[in-house]
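Both backbone and side-chain heavy atoms feed into the values below; hydrogens, waters and symmetry mates do not. All ligand and atom numbering here is 1-based and tracks the order in the structure.
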Amino acid sequence: MSQTKHRPQVAIICGSGLGMLADTLKCQDSFAYSDIPGFPQSTVQGHAGRLVFGELKGKTCVCMQGRFHMYEGHSLLKTTFPVRVFKLLGVETLFVTNAAGSLADGLQPGDIMIIKDHVNFPGLVGLNPLCGPNDDKFGPRFPAMSGCYDKNLRCLAMEIAKQLGVAGLMQEGVYAMVGGPNFETIAEARLLHRLGVDAVGMSTAPEVVVATHCGLRVFGLSLITNKVVKSYEDSDSVNHEGVLEVGRLRSHTVQQLVTELIGRMEINNNNTNNAA
Ligand SMILES: O=P(O)(O)O[C@@H]1C[C@H](O)[C@@H](CO)O1
């Protein structure tokens, strides 16, 4: 921390192809993950691997340009390590963004889903970053996860979307994390759809679990980059380049939404930082 004067209140984790969010920060100090002790390295295209500090609409932010995924071979403890670092830095609110495939018929590529809730499939079978001895300095052994995506921020995001004229692209929905790295089979896609999942991806849920455990307020967005193939008659096929391309096409809108939301949200300064 001696290398930056910024003391962030807000942390942003950028999903695949959404790293441009960091470019909006003013008065930047940026650090390659390879220069930060204990940080894993990014291995996925579209995840630059830089931690960027700066100002956005009067709030001090830190932005992860590149996240860590379980399928890269990192332990869940490693993939979520930055969230606890943010807590210790005094961050109060975590923004998570991701690229996801849609299962809901009403969600098209290019749409933006405000995450209302998640299904943490790895977590349901015991692959949870909170497994192992609990560190009481961060939070309780058995944290509640109901309400982990802050309702006030979700409402404010919708209000802002209306003012920006992009409400037609936006709706709330349930995100599910699967392990990846392969995309879903048709049978898996049908199962997820029947279970009430609106969009599926390979990240986010462990970060949100760790953030909620240590008392961070969370806001999440999924950029819908593709429709998940649910029919044996459908010859479409998803690929990572296509995912990144939709990210590029919608980068400006995602940037506007996040910037306005950060500018207008209140900071309570209720991060007592008692984990430090
Ligand atoms: O980091 P996110 O969840 O945005 O990345 C998604 C899931 C895979 O890593 C990749 C697939 O294209 O995009």
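Without hydrogens or angle criteria, Lys78 side chain to Pro40 main chain gives no donor-acceptor distance under 3.5 Å. A donor-acceptor pair is defined here as one N or O able to donate and one able to accept, closer than 3.5 Å; such a pair exists between the side chain of Glu72 and the backbone of Thr43. Counting only distance, with no hydrogens or angles, the side chain of Gln171 and the backbone of Gly168 share no donor-acceptor pair below 3.5 Å.
Residue His47 approaches ligand 1 through these ligand atoms, each under 4.0 Å from one of its heavy atoms: 1 (O). Interface of Val243 with ligand 1, defined as ligand atoms under 4.0 Å from a residue heavy atom, comprises 12 (O).
If you check the side chains of Thr79 and His69, you find no donor sitting under 3.5 Å from an acceptor. The closest side-chain donor-acceptor pair between Asn134 and His213 falls under 3.5 angstrom.
A perpendicular orientation is assigned to the rings of Phe68 and Phe39, their planes being inclined by more than 60° (bins at 30° and 60°).
At a 3.5 angstrom cut-off on N or O pairs, Ser203 counts as close to ligand 1. Geometrically, ligand 1 and His69 share a nitrogen or oxygen pair separated by less than 3.5 Å. The shortest N or O to N or O distance between Ala99 and ligand 1 is under 3.5 Å.
Nearest protein heavy-atom contact of atom 5 (O) of ligand 1 is Ser16 OG, 2.7 Å. Nearest to atom 9 (O) of ligand 1 among the protein's heavy atoms is Tyr71 OH, 2.6 Å.
Rounding to the nearest 0.5 angstrom, the gap separating the CG atom in Leu88 from the CZ atom in Arg84 is 9.0 Å.
The residue from His240, Met202, Glu72, Glu207 that puts a heavy atom closest to atom 12 (O) of ligand 1 is His240. Comparing Arg67, Glu241, Met70 by heavy-atom distance to atom 2 (P) of ligand 1, the nearest is Arg67.
Heavy atoms of Asn98 found under 4.0 angstrom from ligand 1 belong to the backbone as well as the side chain.
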